[in-house]
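Everything below concerns the one structure shown next.
Note on naming: letters A, B, ... go to the chains in the order of the sequence lines (proteins, then strands), and numbering restarts at 1 for each one.
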Amino acid sequence: MLAPYSPVEIAIDGVGKSFGKTLALDDVTIGVKPGELLALLGPSGSGKTTLLRIIAGLEIAERGRLAIGGTDATNLPPRDRGIGFVFQNYALFRHMTVFENIAFGLRVRAKAERPTRASIKGRVDELLSLIQLDGMGGRLPSQLSGGQRQRVALARALAVEPRVLLLDEPFGALDAKVRVELRHWLRSLHERLGLTTVFVTHDQEEALELSDRVAILNRGRLEQLGPPREIYDQPASSFVIEFLGEVNKMPCQVARGIARLGIEGCHPVAAPGLPDAHAVAYVRPHEIEMSAAGTPDTAKAVVQSLSVIGPRTRIHLMIGTQRLEVDAERSTAEALGLEQGTSVGVKFRNVRIYPATR
Amino acid sequence: MSIAVAAAPRRRNALPGFGPTIGLTVFVVCVLILIPVAGLFVKATDLSVAQALALLSSPRVLAAFRLSFGLALLAAAVDGIAGLLIAWVLVRYDFPLRRYFDAIIDLPFALPTAVAGIALTALYADNGWFGAPLARLGINVAFTPLGIFVALLFIGLPYAVRTVQPVLADLERDVEEAALTLGAHPRQIFSRVIFPQLLPAILTGIGLAFARGVGEYGSVIFIAGNMPGISEILPLLIVIRLQQYDYAGAALIAATMLVGSLVILLALNLFAGRWVRRHG
């Protein structure tokens with residue numbers, strides 16, 4: 001139905017940008033593959049939005065190069081880049097109907113390139129049905145829900161047949177349920193259109209679920225780039241593991257490639273390549289096994305509190321003075337008869353050691 | 001009795017104080033606006049219909065109507081354009097002393113109108129700083145309708161700036177960026193995205209500048225020259241009637257002026273309102 005998009009690659013090569021004295025982006029290199037859905041993930045101030053705006057041409061890179069589809073786009077104005085941009089707060093034209101919003105990009109074209117009135121209408125109707133808003137072209141944006149507005153913004157961006165789709169926190173302003181729905185819809189849309197897509201988010205779950213690859217940014221630098229699974233299983237730095245959801249942090253001591261946590265009943269952990277110094281051990285809450293107190297090869301912990309969240313239980317433990325968060329099946333906690341004050345044996349299934357941050 | 005009370009639906013407003021505030025509002029509106037205006041119309045009826053028609057259709061009065069309304073509308077329209085430009089510069093750009101420029105805009109509000117009139121007259125008289133070079137070009141400003149126009153321009157400008165400025169400041173920048181990414185040129189962004197959103201505020205500013213200008217007296221009479229039929233404004237005509245103890249005549253001219261102004265303001269408001277309804 002829709003005109004086939006020819007996916008292009010985006011080459012971000014050593015891009016840097018400062019705002020006054022703050023360094024927003026520092027030597028970032030990312031190759032976005034044709035047809036890929038890439039997430040730019042990071043906390044606020046990490047430079048992810050700045051990077052997206054540089055790809056769009058809304059900001060200009062001070063250092064480095066940018067190429068879209070093999071042609072240099074570093075200094076190209078936005079309208080010559082073949083991009084579609086979706087803003088966090090929709091940025092719809094409030095004084096125009098849904099139809100006029102979507103048609104805008106076609107109507108502002110120079111006369112020679114402008115489609116006929118009939119083909120603009122055909123194209124807008126096609127997009128309206130794509131975003132499941134058939135027959136609502138006459139509405140004003142103020143008469144739509146948040147999720148509908150964001151879909152209109154997306155249709156408006158797609159109307160100009162961009163080579164690249166850029167989304168800035170596309171679900172940020174929506175409530176939780178609509179967010180998840182729209183996320184799945186966007187994923188299926190991406191599979192149908194195959195358009196090279198970059199989206200910015202600060203929500204790690206969204207990035208891991210939706211994207212083909214995730215680029216994690218921190219203070220203007222690229223921390224890690226890889227498929228969601230690789231990012232989650234092999235975080236490249238302590239920043240990445242801390243950013244990807246809750247994690248327990250424990251001090252440890254590395255000597256000759258072996259890290260010791262200083263907790264009785266806890267085995268030493270291999271830490272190849274780390275210098276002999278203080279380090280930090282990370283354990284995710286669901287990577288802690290609990291057993292009856294006194295089980296061999298376990299550390300002894302005391303339950304501080306526990307709360308039931310649907311099918312799972314969240315338990316706060318203390319090993320001496322070390323606080324520990326555990327996420328377990330509700331049945332496990334019930335089988336062990338856990339309640340405040342009971343003792344329990346714990347074993348770490350997966351420990352990751354990173355150098356202590358400066 | 002008690003059954004009737006129980007059956008009556010209870011209607012309570014969540015916000016307290018409706019009674020006293022509406023009472024005070026009605027009182028103030030009556031005392032300050034409605035009763036004096038009604039008095040004006042009552043006073044005008046002292047004249048017979050024939051007398052009233054004769055007065056209103058006299059060449060001198062007709063000329064004053066044309067002059068006052070024509071120049072006030074023209075000056076308000078020019079103020080609307082200039083006000084948009086000034087508001088644009090103040091909101092969109094940062095430059096040295098911007099805040100002082102911003103404060104200067106209010107000067108016509110604060111300046112006693114007679115002072116403004118004398119200052120403008122001094123500037124635009126044939127020997128003034130602006131007047132002398134203009135006179136050499138054959139353009140006389142002071143003591144001509146052009147002088148009235150200049151005075152009204154001065155008086156109305158802050159209204160035009162101050163109504164547009166906050167609306168312009170509130171416009172979301174990402175909407176313009178969206179237009180940019182969709183391929184619009186700056187001119188198209190202004191005409192299709194920015195201007196339609198500013199139009200109601202611009203019209204309000206023009207309306208205010210017009211309302212102020214049509215009744216302006218102090219700053220105009222010094223620079224106008226006040227030649228009957230040429231540069232004599234309506235408020236001056238009213239003052240002249242009053243000095244001749246012709247209160248009914250003065251009231252009639254004033255009431256007619258009021259109706260004319262109301263019609264114009266209503267038309268502007270209707271247009272702006274329809275625009276807002278149609279375009280969200």
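Only the backbone of Ala157(A) comes within contact range of chain B, judged by heavy atoms closer than 4.5 Å. Proximity to chain B is absent for every atom of Leu106(A), based on heavy atoms less than 4.5 angstrom apart.
Taking 4.5 Å as the heavy-atom cut-off, the residues of residues 166-195 of chain B that approach chain A are Glu172(B), Asp174(B), Val175(B), Glu177(B), Ala178(B), Ala179(B), Leu180(B), Thr181(B), Leu182(B), Gly183(B), Ala184(B), His185(B), Pro186(B), Gln188(B), Arg192(B), Val193(B), ordered by number. Listed by sequence position, the residues of residues 202-214 of chain B in contact with chain A number zero, using a 4.5 angstrom heavy-atom cutoff. Proximity to chain B among residues 60-87 of chain A is limited to Pro78(A), Arg79(A), Ile83(A), Phe85(A), Phe87(A), judged by heavy-atom separations below 4.5 angstrom.
Atom CZ of Arg139(A) is surrounded by 12 or fewer heavy atoms from other residues, nucleotides or ligands within 6.0 Å. Shown here is Phe18(B), whose CZ atom has no more than 12 heavy atoms of other residues, nucleotides or ligands within 6.0 Å.
Contacts of Phe95(B) classified as ring pair (Phe, Tyr, Trp, His ring centres under 6.0 Å), with partners at least two apart in sequence or in another chain: Phe101(B).
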